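Take a look at the structure below.
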Amino acid sequence: MSSKKNMNMDSKCVHAGVGEYEYGPVVPPIYQTSTFKFESTEHGASLFKGEAEGYIYTRMSNPTVEAMENSVADLEGGYKALGCGSGMAAIHTALAALLNAGDHVVASEAVYGPTATLLRTVMSKFGITTTFVDSSNVDEVRNAVKPETRVIYIETPGNPTLAITDLEAVSKIARDNNAELVVDNTFMSPVLQQPIKHGADVVVHSMTKFLNGHADVVAGIIIVKDEKTYKHFRKTLNQIGGVIDPFNSFLVHRGIKTLALRMNKHSENAIKIAEWLENHPEIKWVKYPGLKSHPQYEIGLKQHSQPGGMITFELKNGFAAGETVMNNVKFCQLAVSLGGVETLIQHPASMTHLSMGKEAREAAGITEGLVRLSVGIENVDDIISDLEEAFSKITKEETVSV
Ligand SMILES: *Cc1c(COP(=O)(O)O)cnc(C)c1O
């Protein structure tokens with residue numbers, strides 16, 4: 001299929017990365033093997049020297065893994081990709097490959113929690129410092145850059161604020177300062193946003209979320225732009241060892257076939273739900289990249305094709321209302337994670353961030369009535385009626401307590 005490069009995104013999702021295999025299967029077989037036989041000592045030697053094409057050991061490369069990697073690299077418009085055992089393994093590998101002791105990172109304050117912790121704990125042990133800024137304000141990024149800044153690390157839309165960062169503006173700051181722009185594109189997926197087109201040097205994903213899309217795999221990936229970077233990253237991943245296995249690669253690659261369909265449906269449902277929430281009397285505010293009320297709505301239009309499936313909103317009646325909603329939803333699943341076909345709902349103040357205490361939460365922007373919704377691909381009326389039913393319980397409790 002020589003015309004693969006020119007395919008539209010929805011066709012790419014179905015065909016990208018699929019090669020030719022013995023017996024002509026239409027999907028890449030699962031090469032569930034840790035190691036590969038050499039034909040002779042000379043053959044083994046030529047593989048190790050990189051002169052012959054082929055496989056040696058699955059931590060280094062594997063045909064099933066490579067098929068999935070090629071698919072994601074193609075969707076992101078990158079040179080090649082490196083499959084990892086989790087999103088965190090991908091982020092750790094990328095940072096370890098790019099940074100040296102004494103280097104500095106500027107990161108969005110709205111990054112995934114464990115990413116911030118990785119920077120603050122593991123990376124700082126090795127002499128790497130990080131300044132966290134509100135990256136939706138480009139001046140804050142520019143002002144935080146130091147002579148030793150080597151990486152600008154952005155998540156857009158951010159978590160859980162859904163703040164949007166202007167990738168082109170930030171990539172210019174990175175270029176002017178000899179730093180690399182790394183973008184976590186998990187919330188959008190390459191179907192909706194391709195950061196490399198907007199100047200990113202490296203893209204990372206938790207494939208646990210939209211890319212796989214079925215809440216049954218933990219996996220991650222790094223996408224790079226050129227051969228030199230790829231070789232360096234591949235060596236680093238081989239040394240750190242956080243690789244993905246063939247079976248999970250197969251599952252992710254299968255999930256990607258419906259990625260365009262799913263992202264369309266996630267966005268279509270989320271737009272309707274966000275508009276409904278915005279007019280609901282129990283709601284104080286709604287953050288969704290597809291609402292005109294979103295502070296960076298215009299920047300979003302420049303860099304993503306649709307607003308995606310993630311919504312954050314604040315309940316007027318705070319912590320108690322959040323608990324009531326969590327305990328009364330029946331259709332939406334009460335769980336962390338996101339990006340699967342089923343709608344997930346989460347109230348950080350009473351769940352993931354309860355142990356932090358109210359003051360620390362407020363300082364981190366996690367308000368008492370904040371709810372995060374990962375909108376699934378179900379019928380939108382079913383999602384709305386479940387939320388409506390759960391919201392109606394708040395009103396009753398309020399009446400009782402008055
Ligand atoms: C989940 C997530 C990660 C971490 O991925 P894992 O697969 O859980 O290791 C990183 N970034 C974002 C934005 C995420 O949502």
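The chain is numbered in sequence order, starting from 1. None of the values given here were measured: they were computed from a predicted structure. In listed order, ligands and their atoms are each counted from 1. Quick note: numbers below take in every heavy atom, side chains included, and nothing from hydrogens, waters or symmetry partners.
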Ligand 1 N/O within reach of Phe187 N/O, cut-off under 3.5 Å: no
Exceeds 12 heavy-atom contacts within 6.0 angstrom, atom CD of Glu39: no
Closest protein heavy atom to atom 8 (O) of ligand 1, given as residue, atom name and distance to 0.1 Å: Tyr112 OH, 3.9 Å
Audit row: Asp166, Lys302, salt bridge (charged side-chain N to carboxylate O under 4.0 Å, His left out) steps and yes/no: CA-CA 9 Å; Asp166 186 332; Lys302 283 200 309 182; 3.1 Å; yes
Polar contact flag for Glu155 and ligand 1 (N/O pairs, less than 3.5 Å): no
4.0 Å heavy-atom contact, Ala219 with ligand 1: yes
Val111 near ligand 1 by a heavy-atom separation under 4.0 Å: no
Numbering as shown, the atoms of ligand 1 that approach Ile91 to under 4.0 Å (heavy-atom distance): 10 (C)
Test item: side-chain donor near acceptor, Gln346 and Thr352, under 3.5 Å: yes
Lys316, NZ: over 12 other non-hydrogen atoms inside 6.0 angstrom: yes
Protein contact of atom 6 (P) of ligand 1 - nearest heavy atom, named by residue and atom, plus distance: Gly87 N, 3.3 Å
For atom 15 (O) of ligand 1, closest protein heavy-atom neighbour: Lys209 NZ, 2.7 Å
Salt bridge (charged side-chain N to carboxylate O under 4.0 Å, His left out) assessment of Glu227 paired with Lys231: CA-CA 6 Å; Glu227 189 182 3; Lys231 284 192 168 153; 3.3 Å; yes
Short N-O contact, Glu69 and Arg234, less than 4.0 angstrom: yes
Ligand-residue contact atoms, ligand 1 with Leu338, heavy atoms, under 4.0 Å: 15 (O)
Aromatic plane relationship, Phe247 with Phe250 - under 30° parallel, 30 to 60° tilted, over 60° perpendicular: parallel
Atoms in ligand 1 with a heavy atom of Ser206 nearer than 4.0 Å: 1 (C), 2 (C), 3 (C), 4 (C), 5 (O), 6 (P), 7 (O)
Closest protein heavy atom to atom 7 (O) of ligand 1, given as residue, atom name and distance to 0.1 Å: Thr208 OG1, 2.7 Å
Glu168 bridged to Lys172 by N-O distance under 4.0 Å: no
Identity and distance of the protein heavy atom lying nearest atom 11 (N) of ligand 1: Asp184 OD2, 2.7 Å
